[in-house]
Amino acid sequence: MRTATLGPEQRAESLAAMAERELDVLVVGGGVVGAGTALDAVTRGLNTGIVEARDWASGTSSRSSKLIHGGLRYLEMLDFALVREALKERGLLLERLAPHLVKPVPFLYPLQHQGWERLYAGSGVALYDAMSMARGHGRGLPAHRHLSRRHALRVAPALRKDALVGAIQYYDAQMDDARYVANLVRTAVSYGAKAANRARVTGFLREGERVVGARVQDVEGGGEYEIRAQQVVNATGVWTDDTQAMVGERGQFHVRASKGIHLVVPKDRIHSTTGLILRTEKSVLFVIPWGRHWIIGTTDTDWDLDKTHPAASSADIDYLLNHVNSVLAVPLSRDDVQGVYAGLRPLLAGESDATSKLSREHTVAHPVPGLVVVAGGKYTTYRVMAKDAVDEAVHGLDMRVAECVTEDIPLLGAEGYRAMWNARARIAARTGLHVVRVEHLLNRYGSMAEEVLDLIAADPGLAEPLSAADDYLRAEVVYAASHEGARHLDDVLTRRTRISIETFDRGTRSAREAAELMAPVLGWDKDQVEREVEHYEKRVEAERESQLQPDDQTADAARLGAPEIVPR
C-alpha cells in the first residue's frame, strides 16, 4: 500500500476534486472521530471527503490526557458495556492497528486505608484485567500487582510516606493524540479519501428538506467551494450544536462542553518509575509519564465561553497543584510548570447537571435526510463511533455497501514497525544518528521514519536538533509541512511536535528556526515568516496572561487577546 502526503499540493487537489464530483460521504470535522469516520467510509469503498475548519486535531483531539484506556472508574459506575468496549479497542490499538503510536504505561494507585480499600480497589482492577483478557486483547499489557508500602515507595520514591499504606499497580496505554489524528487522516488519504484542513463549512446545501452537501470556504486561499455529497456526517465534537444550527435544526440531543486542563512538568521534578492515579472529591487525577516530562490532569468543569481557545485559569492550575502536592514528598510550585493546556470534552447533556457525571457514551442520529450527526464518546472508542456513524450514513445511500473493516486496517507506519525497531541499531549505524534518535523517530512515525531519514539523506543539516528544543530534529519540522498537513507555525510547535508544552519558553525560542524550515515547503516569503513568528509569540503571551487570571471569564478574555493567524 502506498503512503500518502498531506502537503500543500495534495490539499489543493483534494479541494478541487471534492467540488468537481459528488461524494458518497463528506465528513465535517477533523478530530479523531471525523478522521476515523473518513477512514471507515473510504475502506468500505465509498467516495469520501473530509474537511476541517482549522488544523487536524486542533480542538479536543489534541488536548486530551493522551491516554488509551478502558475507563477504570466507569467500573465503579457499573458501566460494564462501556469498559468492555474500550478495553477491546485498547487491545486492538496496542497490538494491531497502531503499535508504533500506542504504548503501555504503568499506574500506581496509592491505598490510604488498611484492609477494605485493598479488597475493594483490588477487586475492581482484577475485573478490569479479566475483562481485557476475556476479549482476547489483553496480552500486550502486564497484569496488575499488589504492593506493600515499602515496595510502592521504591517504585515511586516521590510519594510521602504518610500518603499511603500500600498500593496497586496496573497498566493502561497512551499516545500522542494530535499525531495520531494526523496519521489517521493520512491513512484515509492513502486509501483514496480527499482531505483538506483549514477548509471551513459555512453552510449546508439543501434540496427541499434534504442536505445534499456543504459550502466550504478555503481559509488559506480565500475561495469558496460547493461540495455535494449523498450523505454528510457532522463530527464536530463540542461544535456539534453550532454546526446543527446551520440547517436550522437543534438536533435530537445537546452537546455540553466540559473543560479539562493539564500541566506539564519536567521528569526530574517527580521521582518515580510509574505514573500515578489519585482520587479527588469529584473524579480522579492522573500523573502520566510523557517522555522527559510528566502530564498532570485533569479538571472537569462546565465551560460555556470560547470553544476555539479554552483557557486555563490560575484557579485551575492551583487545583491540580494542590491535589498532586497532597501526596508528594517534595511539592511542586508554579515555577516547575513547563506547559499548560486546556481542552473541552463533548459530553451528551441530559443525564446530570454535573459535567463529571455526564455520559461518555456516544450517540448517532439522522436529524434530517442527508445529514448524520455523531457526538459524545471518548478518544479510545473513536473507531466504534466512526463505524456507527458510517452505518447510519449507509442507510441513506442507494447502493450496497460493505461492512466495516477498520478492525483489520493498520494505520500508516504500523506495518514493518516492529522489524525496524529490532533493526534500530543498524539504522543508527547507517544514518549516523544516535540509536536514541532512531527510537524517537520510530515511536513517532513507525516505518514511515524512513521518509524522514530520506529528507536527512538529501540535506544532512536536517539531522541536527532544533537549537532550543533538542528533542526534535530539524527534519521533523520540514516533514510536518511536506507530509503531515501543517499549514502554520502553530500547527508544528503545538501539534506535530509538543514543543509548546515541553519547553519553559513554550516554543518561542524555536519559533523562528521552525518557521524558516517550513518556508520553502509552503512558499512563504520573509514577511510571512515574520507574521507566523509574531502570531505565535502573541499566542503564547496571551496564554501566559490567561493563566494568571483568577477565573474562567477573565482567563477567556485574556486568551482572546491574541489574533487568529492570517494567511498570506
Side-chain angles (χ1 to χ4, degrees), residues 14 17-52 184-185 188 191-196 199 201-216 225-237 239-255 346 348 361-377 381-407 409:
S14 285
M18 284 189 277
E20 185 178 311
R21 177 186 167 199
E22 183 185 50
L23 300 169
D24 296 324
V25 175
L26 172 65
V27 182
V28 180
V32 71
V33 176
T37 300
L39 178 61
D40 188 294
V42 75
T43 53
R44 297 194 199 199
L46 298 173
N47 185 16
T48 304
I50 178 171
V51 293
E52 157 60 38
L184 199 53
V185 174
Y191 283 98
K194 286 85 174 173
V201 170
T202 58
F204 289 103
L205 305 176
R206 304 288 291 268
E207 288 181 1
E209 289 198 4
R210 185 176 187 83
V211 170
V212 295
R215 283 187 298 278
V216 176
Y225 297 82
E226 288 197 351
I227 299 176
R228 300 182 71 84
Q230 292 191 46
Q231 293 287 306
V232 177
V233 179
N234 174 7
T236 52
W239 288 273
T240 298
D241 291 2
D242 303 290
T243 311
Q244 285 300 100
M246 293 183 190
V247 291
E249 298 283 339
R250 183 194 172 280
Q252 300 167 16
F253 49 82
H254 174 61
V255 175
L348 298 178
E361 298 279 2
H362 70 273
T363 192
V364 175
H366 220 138
V368 295
L371 180 66
V372 172
V373 184
V374 55
T381 55
Y382 81 88
R383 196 191 62 81
V384 179
M385 296 174 66
K387 173 187 178 297
D388 291 349
V390 178
D391 283 347
E392 185 66 32
V394 163
H395 292 314
L397 296 176
D398 188 22
M399 66 177 85
R400 289 182 61 86
V401 178
E403 294 293 316
C404 172
V405 295
T406 53
E407 193 169 314
I409 302 290

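Here the structure is a predicted model, which is why all the values come from computation and not from measurement.
Scanning both residues, V27 and G34, for their nearest heavy atoms gives CG1-O, 3.5 Å. When every heavy atom of G237 is checked against every heavy atom of P346, the shortest pair comes out as C-CB, 3.8 Å. For the pair A41 and T48, the tightest heavy-atom approach, listed with the atom from each and the gap, is CB-OG1, 3.4 Å. When all heavy atoms are compared, the tightest approach of C404 to R44 is CB-NH2, 3.4 Å. For M18 against A196, the heavy-atom pair with the smallest separation is CE-CB, 4.1 Å. Residues A375 and T240 approach most closely at CB-OG1, 4.1 Å, considering heavy atoms.
Inter-residue side-chain proximity for D40 and K387 is flagged as met; some heavy-atom pair is nearer than 4.5 Å. Side chains of V247 and V211 form a contact here, defined as non-hydrogen atoms less than 4.5 Å apart. Side-chain contact between V373 and P367 is present, with at least one heavy-atom pair separated by less than 4.5 Å. Using a 4.5 Å heavy-atom threshold, the side chains of N234 and W239 count as separate. Between L371 and Q244, some side-chain heavy-atom pair lies under the 4.5 Å cut-off. Side-chain atoms of V212 and E22, non-hydrogen and from C-beta on, never get closer than 4.5 Å to each other. Side-chain contact between L46 and L397 is present, with at least one heavy-atom pair separated by less than 4.5 Å.
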So V28 and V232, side-chain contact (heavy atoms from CB on, under 4.5 Å) or not? Walk me through it.
CA-CA 7 Å; V28 180; V232 177; 3.8 Å; yes

Please evaluate residues M385 and V32 with respect to the criterion side-chain contact (heavy atoms from CB on, under 4.5 Å), reporting the C-alpha separation (whole Å), side-chain torsions for both, the decisive distance (0.1 Å), and the verdict.
CA-CA 10 Å; M385 296 174 66; V32 71; over 6 Å; no

Mind running side-chain contact (heavy atoms from CB on, under 4.5 Å) on V390 and T37 for me, showing each step along the way?
CA-CA 7 Å; V390 178; T37 300; 3.7 Å; yes

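The neighbour count for R210 CZ, taken as heavy atoms of other residues, nucleotides or ligands under 6.0 Å away, is above 12.
Under the side-chain contact (heavy atoms from CB on, under 4.5 Å) criterion, R215 pairs with T202, L205, E224, E226, not counting sequence neighbours.
Put simply, the residue from H366, H395, E392 that forms a side-chain hydrogen bond (donor to acceptor under 3.5 Å, both in side chains) with Q231 is H366.
Atom NZ in K194 sits 6.5 Å away from atom CZ in R21 (nearest 0.5 Å). The distance from the CG atom of L39 to the CD1 atom of I50 is 10.0 Å, given to the nearest 0.5 Å. Here the CD atom belonging to E20 is positioned 12.0 Å from the CD1 atom belonging to I227, to the nearest 0.5 angstrom. Taking OH of Y191 as the reference point, atom OG1 of T406 lies at 10.5 Å (rounded to 0.5 Å). Atom CG in D24 sits 4.0 Å away from atom CE in M399 (nearest 0.5 Å). Atom NE2 in H362 sits 9.5 Å away from atom CG in L348 (nearest 0.5 Å).
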